[in-house]
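Take a look at the structure set out below.
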Protein chains: 2
Amino acid sequence: MDVTHVSETEPLGRLRKAGLRPTRQRLALARMLFSQGDRHVTAEQLRDEVAAEGARVSMATIYNTLHHFTRAGLLRHVVVDAGRTYFDTNTGHHHHFYVESEHRLIDIDGDTVRLASVPDAPPGRAIDSIDVIVRLKPDIRA
Amino acid sequence: MDVTHVSETEPLGRLRKAGLRPTRQRLALARMLFSQGDRHVTAEQLRDEVAAEGARVSMATIYNTLHHFTRAGLLRHVVVDAGRTYFDTNTGHHHHFYVESEHRLIDIDGDTVRLASVPDAPPGRAIDSIDVIVRLKPDIRA
DNA sequence: GACATTCATTAGAATTCTTCTAAATTAGCT
DNA sequence: AGCTAATTTAGAAGAATTCTAATGAATGTC
Ligand SMILES: [Mn+2]
Ligand SMILES: [Mn+2]
Ligand SMILES: [Zn+2]
Ligand SMILES: [Zn+2]
């Protein structure tokens with residue numbers, strides 16, 4: 001494989017930069033995740049997509065990889081629904097709409113939601129992150 | 001049983017008002033939930049507490065009841081952690097700190113977090129609710 | 001390139017949380 | 001008391017995720 005010229009945003013470069021060994025499985029998953037704009041995926045979804053491409057990646061590896069990517073800062077873990085874990089390829093500052101009825105996440109630009117006041121963390125603790133989730137239901141009018 | 005004078009905040013009154021039959025199990029659960037200030041409980045926690053009081057309530061009933069209470073507006077469902085569902089006895093306007101390391105929720109008064117701007121819902125949808133979760137980690141200093 | 005070492009992948013079992021099923025019990029009504 | 005619908009229950013089933021321990025692959029050294 002020719003690896004002379006590797007952009008940092010290409011799958012291989014991404015893995016290298018994150019200090020992750022570029023295995024066949026990780027490259028396949030990185031391609032699915034990062035080559036089509038921002039996405040919110042579940043492990044199962046990703047497994048199906050990879051399978052559709054003909055690649056075989058075990059569920060254990062899907063989960064391992066998603067967690068590795070998350071620890072490396074390539075993904076962000078989003079919790080909005082019980083019993084369903086989303087991984088977000090958009091790691092920048094932003095929030096979410098959640099369409100309950102479709103189990104679908106939609107990004108809200110970080111600057112669109114402004115917190116006029118943020119509470120102080122209780123003693124001995126520090127703020128790790130702030131999630132704003134705007135839950136949506138079908139509009140009755142319409 | 002004398003039911004001539006029942007406050008609406010007593011377990012029996014609460015169930016009546018919500019149109020729920022006051023069974024032995026529901027009364028026991030309502031007592032645990034609503035007689036000690038605002039709480040964030042999991043099904044398992046509640047099962048253990050009820051068991052400690054000598055009452056036997058099946059897991060199926062715990063879940064059924066928590067969902068009934070939630071539909072009736074007596075509880076609020078809080079999603080902050082994958083694979084762990086909290087039920088909140090505080091149904092008023094407020095947000096949450098979440099102490100990841102202890103799996104513990106702390107209320108933030110509704111007015112303490114002010115959203116300076118809230119995005120419009122996408123066409124065909126309406127805002128159902130807005131959750132603000134401030135995730136906490138141990139403070140490094142200290 | 002061969003070898004050694006470390007890390008990654010995998011199938012399947014196991015775990016955890018929650019829901020379902022279908023039978024037995026109970027509350028509310030007359 | 002007797003009727004009916006709602007409720008409870010044990011245990012099975014389901015769904016998502018993690019674990020295990022054996023196999024395979026990437027990387028560094030000679
Ligand atoms: Mn859902
Ligand atoms: Mn947790
Ligand atoms: Zn996002
Ligand atoms: Zn609360």
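Worth saying up front: this structure is predicted, and the values here are computed from it rather than measured.
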* Structure fact -> When every non-hydrogen atom of A/His96 is compared with those of A/Val78, the smallest separation belongs to CE1-CG2, 3.9 Å

* Structure fact -> When every non-hydrogen atom of B/Ile108 is compared with those of B/Thr112, the smallest separation belongs to CG2-CB, 3.8 Å

* Asked: Side chain of A/Arg26: nearest nucleotide among C/dC17, C/dA8, C/dT10?
  -> C/dA8

Whole angstroms only, please: what is the [atom1]-[atom2] distance between [X] and [N]?
X       : N      : atom1 : atom2 : result
B/Tyr86 : C/dT18 : OH    : C1'   : 16 Å
B/Asp48 : C/dT16 : CG    : C1'   : 14 Å
A/Arg84 : C/dT18 : CZ    : P     : 14 Å
A/Tyr63 : C/dA11 : OH    : C1'   : 16 Å
A/Leu66 : C/dT9  : CG    : P     : 12 Å
A/Asn64 : C/dG12 : CG    : P     : 17 Å
B/Met59 : C/dC20 : CE    : P     : 15 Å
B/Asp81 : C/dT16 : CG    : C1'   : 13 Å

Evaluate the side-chain proximity of [Y] to [X]: yes if any heavy-atom separation is below 4.5 Å, no if none is.
X        : Y       : value
A/Glu53  : A/Arg31 : no
A/Arg14  : A/Leu33 : no
B/Val41  : B/Tyr86 : no
B/Gln25  : B/Thr65 : no
A/Arg76  : A/Asn90 : no
B/Phe87  : B/His67 : yes
B/Val134 : B/His95 : no

* Structure fact -> Residue pair B/His67/B/Leu20 against DNA chain C: nearer the 5' end by closest nucleotide is B/His67

Have a look at [X] and say if it touches a base, only the backbone sugar-phosphate, or nothing, with a 4.0 Å heavy-atom cut-off.
X       : answer
B/Arg47 : nothing
B/Thr85 : sugar-phosphate
B/His68 : nothing

* Over its full length, what angle do the end axes of the helix from C/dG1-D/dC30 to C/dT30-D/dA1 make, each axis taken from five pairs and the result rounded to 10 degrees? -> 30°

* Asked: Using a heavy-atom cut-off of 4.0 Å to chain A, what are the terminal contacting nucleotides of DNA chain D, in 5' to 3' order?
  -> D/dA16 to D/dT27

Between the protein and nucleotides 21-26 of chain C, which nitrogen or oxygen pairs come in under 3.5 angstrom?
none

* Asked: Does a side chain donor of either A/His94 or A/Asp38 reach within less than 3.5 Å of an acceptor in the other side chain?
  -> no

* Looking only at side chains, do A/His40 and A/Asp107 share a donor and an acceptor under 3.5 Å apart? -> yes

* To do: Return yes when atom CZ of A/Arg56 has more than 12 non-hydrogen atoms of other residues, nucleotides or ligands closer than 6.0 Å, and no otherwise.
  => no

